[in-house]
Amino acid sequence: MARNELRPVIKLRSTAGTGFTYVTRKNRRNDPDRMTLRKYDPVAGRHVEFREER
């Protein structure tokens, strides 16, 4: 099955300023706006907000 643009690959960049990123997929129909998740940043050593970058 071919991948389409309904579930694009996105980068989640740390808001702590460490430059650490996670890579994931999201459903554009359910989340049309920029995604924000609270995940662990190993460089900062704590949980911080990760925002979608385009």
Side-chain angles (χ1 to χ4, degrees):
M1 186 188 314
R3 291 187 178 156
N4 58 7
E5 287 301 312
L6 183 62
R7 292 191 68 86
V9 175
I10 60 165
K11 275 187 179 176
L12 298 171
R13 184 168 299 273
S14 173
T15 57
T18 60
F20 188 77
T21 60
Y22 280 101
V23 178
T24 188
R25 296 178 157 275
K26 77 168 191 175
N27 189 329
R28 278 215 177 128
R29 282 194 193 139
N30 296 340
D31 301 309
D33 300 328
R34 289 197 183 179
M35 225 177 176
T36 304
L37 295 174
R38 192 164 169 82
K39 294 180 74 67
Y40 183 73
D41 187 342
V43 180
R46 59 192 172 95
H47 281 79
V48 295
E49 293 267 324
F50 279 77
R51 288 207 180 104
E52 174 185 346
E53 74 171 19
R54 293 189 178 157

Contacts of type side chain to side chain donor-acceptor pair (under 3.5 Å), residue Arg34, not counting sequence neighbours: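 Partners of Arg34 under the side chain to side chain donor-acceptor pair (under 3.5 Å) test: none.
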
Those residues that, when tested against Glu5, pass side chain to side chain donor-acceptor pair (under 3.5 Å) (two or more places apart):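 So Glu5 forms no side chain to side chain donor-acceptor pair (under 3.5 Å) with any residue.
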
So, for Phe20 and Tyr40, which heavy atoms are closest and what is the spacing to 0.1 Å?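 The pair with the smallest heavy-atom distance is CE2-O, 4.4 Å.
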
With a cut-off of 3.5 Å and sequence neighbours excluded, list every side-chain donor-acceptor pair involving residues 24-32.
unit_1, atom_1, unit_2, atom_2, d
Arg25, NH1, Arg7, O, 2.4
Lys26, NZ, Asp31, O, 3.0
Lys26, NZ, Asp33, O, 2.9
Lys26, NZ, Glu52, OE1, 2.9
Asn27, OD1, Arg29, N, 2.9

Apply the hydrophobic cluster definition, ILVMFWY joined by side-chain contacts under 4.5 Å directly or through others, and give me every member besides Val9.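 In the cluster with Val9 are Val23.
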
Contacts table for residues 41-51: side-chain donor-acceptor under 3.5 angstrom, sequence neighbours left out:
unit_1, atom_1, unit_2, atom_2, d
Asp41, OD1, Val43, N, 3.1
Asp41, OD2, Ser14, OG, 2.8
Asp41, OD2, Thr18, OG1, 2.7

